[in-house]
Engineer: 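Have a look at this one.
The sequence lines fix the lettering, A, B, ..., with proteins before strands; numbering per chain opens at 1.
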Amino acid sequence: MANVSLKSLSKRYPGSDALAVDAVSLEVEHGEFMVLLGPSGCGKSTTLRMVAGLESISSGELAIDGRCVNDIPAKDRDIAMVFQSYALYPHMNVFDNLAFGLRRRSVDASEIEKRVRSVASTLGLADLLRRKPHALSGGQRQRVALGRAIVRDPKVFLFDEPLSNLDAALRVGMRGELIKLHHRLGATMIYVTHDQVEAMTMGDRICIMNGGKAAQIGAPLEVYRNPADTFVASFLGSPPTNLIPARFDSEVLYVGEAALTFRRPSIQNPVFGIRPEDIRVEGASPHAHGEVLAVETLGAETLLRVRLAGVAGDVMVRGPRSVNAKVGERVPLAFDLEAVHLFDPQTQKRI
Amino acid sequence: MISRAFLLLALGLYTAFAAGPFLWVATMSVRTTSEISLNHYAWPEKFHWEKFPQAWFNSNYSAYFENSALVVLSAVAVLTVVGAMAAHCLARYRFRANRLLYFILFSAIIFPPQITIIALFQILVQYKLYNSLLGLTLVYIAVQLPLTVYILESFFARIPSDLFDAARIDGYSEWQIFWKVSLPIALPALATTVILNTILLWNEFLYAVVLITDEAKRTLPLGIQRFMGDQLEDVGMIATGLMIAIVPVVLIYMFFSEKLIQGMTAGAVK
């Protein structure tokens with residue numbers, strides 16, 4: 001167990017002007033499950049690979065357990081990593097795959113045998129120890145990859161999109177198992193994913209990355225409820241936060257033709273951000289009316305795509321399954337003003 | 001049914017085409033030259049097995065065989081190890097002039113041996129390696145290295161880099177990763193190059209005939225050539241010599257063929 005500290009870590013690939021990772025600072029505590037979340041190309045995997053020692057660090061400082069490890073090669077960092085492709089050694093059977101890292105560390109044979117067998121039985125691999133990776137299913141390979149990390153008992157676990165290659169049902173199952181594993185081992189884990197459901201359900205904290213920078217770091221609900229900028233607001237949540245250009249006229253905020261009383265910030269034309277679930281279809285005291293463009297009945301809930309008068313883009317509304325709207329109909333809409341965030345249209349930051 | 005019959009017919013024809021000459025040489029190897037000159041294609045009336053010990057002991061084939069084995073085995077061993085290391089390095093590591101090195105190495109393939117052989121001859125004479133088995137071995141290594149690296153590089157480049165990252169994280173150095181991860185995974189490709197190099201070098205004639213003059217240092221192809229005179233040829237002895245020369249190639253092929261097939265079909269299935 002260890003804490004991991006990234007101090008304005010940057011990565012510039014040779015021959016490229018742009019920074020792949022741009023001054024990311026992050027403190028991962030002892031035993032914390034930290035998720036790096038972001039779209040492809042946001043620098044999350046590169047950040048992880050710098051922590052692993054597989055990519056050199058262009059600038060900044062990386063410390064594991066208070067010791068700067070910038071110049072320490074991967075093999076001496078005492079970390080374990082689970083890859084998206086599993087990266088099992090195809091010429092070795094499951095036992096040897098699990099034992100490979102221990103043999104290098106000259107653990108004696110009986111101890112290796114004991115540890116491999118114990119890890120294999122916890123992961124349900126006990127009957128597969130003599131199989132080669134090509135004779136395993138995707139889920140089994142995933143377990144072997146996980147076992148290879150666990151058996152080493154490393155200071156830090158790194159995961160690089162480990163569930164992306166699994167089918168949907170298996171992914172949900174493995175998600176649960178990883179959470180259990182984290183509770184049982186209490187180990188420090190850094191987990192890279194582009195899947196916001198994984199991030200929300202597994203992380204103690206999430207670091208959302210965009211364009212090589214850390215956009216926001218915080219607990220899942222905190223990040224979800226209080227996005228730091230329009231990127232976080234639109235990346236988290238499915239469907240994402242509605243972002244609507246709005247304008248203040250004295251103390252009244254106009255969103256399209258809807259007039260809302262709102263505490264006025266210094267900015268005249270903020271971006272009005274509201275999550276689909278914070279808009280209700282309700283006739284009592286509606287803020288606006290919208291024309292229904294599409295209805296998606298998902299069973300547990302109903303999504304409406306509506307057009308508000310005076311608003312350019314469509315607005316998504318998430319209603320209960322009892323919502324009974326037809327395409328072309330005009331529906332009354334009420335905004336939960338407590339849950340609304342305003343963003344600066346220039347900096348994209350929350351006001 | 002019809003397609004199966006057609007396939008059998010095609011394979012049968014191909015087998016006859018490939019095995020026919022081999023069988024012909026095999027029958028001639030146990031017939032005497034005078035018997036052969038009477039009827040080229042007849043089945044042996046009497047099997048002259050004594051021709052084999054005669055070739056081996058009296059006609060110096062044992063020495064030729066030894067020379068060939070020594071030169072080919074050492075050349076193939078060095079080629080395999082050095083070629084694999086070079087291929088691993090070129091396929092794995094980003095460094096300045098990686099592609100330039102690869103290009104220079106590979107461009108050597110385009111020169112036919114006739115162009116380089118005079119220069120090689122002079123170089124070997126200067127370094128006192130002319131007419132020596134060591135010199136011939138070095139030439140064989142130099143001649144076959146580009147193709148070996150080319151075959152292996154394309155195979156090594158297909159090994160997913162995650163495996164190397166995983167081994168690094170498991171605590172292994174680059175050197176250990178080469179021996180414990182790269183080489184075992186590349187075994188099918190290595191088998192391909194071993195067979196290819198062994199067969200090519202075992203049969204190699206041109207470099208050997210230019211670079212070796214001593215009777216005692218001749219390799220097998222040169223030894224067989226000795227039975228071709230200006231006026232007459234000892235066809236029977238040539239056939240016996242050929243059979244002796246073929247045996248190791250067949251053995252190597254049998255031993256490595258499974259790996260060879262794996263190498264040829266590698267990448268076909270995930």
Engineer: Using modelled atom types and a 3.5 Å cut-off, is there a donor and acceptor pairing between side-chain atoms of B:Tyr172 and backbone atoms of A:Phe100?
Structural biologist: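 A pair under 3.5 Å: yes.
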Engineer: Within a reach of under 6.0 Å around CZ of B:Phe17, are more than 12 heavy atoms found that belong to other residues, nucleotides or ligands?
Structural biologist: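 Incorrect, the count does not exceed 12.
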Engineer: Less than 4.5 Å to any heavy atom of chain A: does that hold for the side chain of B:Ser173, its backbone, both, or neither?
Structural biologist: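 B:Ser173 touches chain A through backbone and side-chain heavy atoms alike.
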Engineer: Return yes when atom CD of A:Glu27 has more than 12 non-hydrogen atoms of other residues, nucleotides or ligands closer than 6.0 Å, and no otherwise.
Structural biologist: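 Atom CD in A:Glu27 is packed in, count exceeds 12.
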Engineer: Would you find a donor on one side and an acceptor on the other, under 3.5 Å apart, between the side chain of A:Tyr89 and the backbone of B:Ala167?
Structural biologist: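 Indeed, once roles are kept as given, a pair shorter than 3.5 Å links the two residues.
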Engineer: Of the options A:Lys75, A:Arg103, A:Arg152, A:Arg104, which is the one that meets B:Asp170 in a side chain to side chain contact (heavy atoms under 4.5 Å, CB included)?
Structural biologist: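 Single side chain to side chain contact (heavy atoms under 4.5 Å, CB included) partner of B:Asp170 among A:Lys75, A:Arg103, A:Arg152, A:Arg104: A:Arg152.
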Engineer: Are A:Pro90 and B:Ile159 packed together at the side-chain level, in the sense that at least one heavy-atom pair is separated by less than 4.5 angstrom?
Structural biologist: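 SC-SC contact between A:Pro90 and B:Ile159 ruled out.
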Engineer: Under the side-chain hydrogen bond (donor to acceptor under 3.5 Å, both in side chains) definition, can you give me all pairs with a residue in residues 87-110 of chain B, not counting sequence neighbours?
Structural biologist: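 Qualifying pairs, neighbours excluded: B:His88-B:Ser182, B:Tyr93-B:Glu174, B:Arg99-B:Glu153.
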Engineer: Pull out the residues in residues 113-125 of chain A that come under 4.5 Å of chain B, heavy atom to heavy atom, sorted by number.
Structural biologist: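 Residues in range: none.
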Engineer: What part of A:Leu88 lies closer than 4.5 angstrom to a heavy atom of chain B: side chain, backbone, both or neither?
Structural biologist: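 Backbone only.
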Engineer: Is it the case that more than 12 heavy atoms not belonging to A:Asp127 sit under 6.0 Å from its CG atom?
Structural biologist: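 Incorrect, the count does not exceed 12.
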Engineer: May I have the step-by-step check of side chain to side chain contact (heavy atoms under 4.5 Å, CB included) for B:Asp165 and A:Arg49, ending in yes or no?
Structural biologist: CA-CA 9 Å; B:Asp165 290 343; A:Arg49 290 172 63 82; 3.0 Å; yes
Engineer: B:Lys180: what forms a salt bridge (Lys or Arg N to Asp or Glu O under 4.0 Å) with it, not counting sequence neighbours?
Structural biologist: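 Checked B:Lys180 against salt bridge (Lys or Arg N to Asp or Glu O under 4.0 Å); zero matches.
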Engineer: Can you tell me how far CD1 of B:Ile169 sits from CG of A:Asp78, rounded to the nearest 0.5 angstrom?
Structural biologist: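 Between A:Asp78 CG and B:Ile169 CD1, I get 11.5 Å after rounding to 0.5 Å.
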Engineer: How would you list, by chain and number, every residue that makes a side-chain contact (heavy atoms from CB on, under 4.5 Å) with A:Ala63, sequence neighbours excluded?
Structural biologist: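 Scan of A:Ala63 (side-chain contact (heavy atoms from CB on, under 4.5 Å), adjacent residues dropped) gives A:Ser5, A:Glu61.
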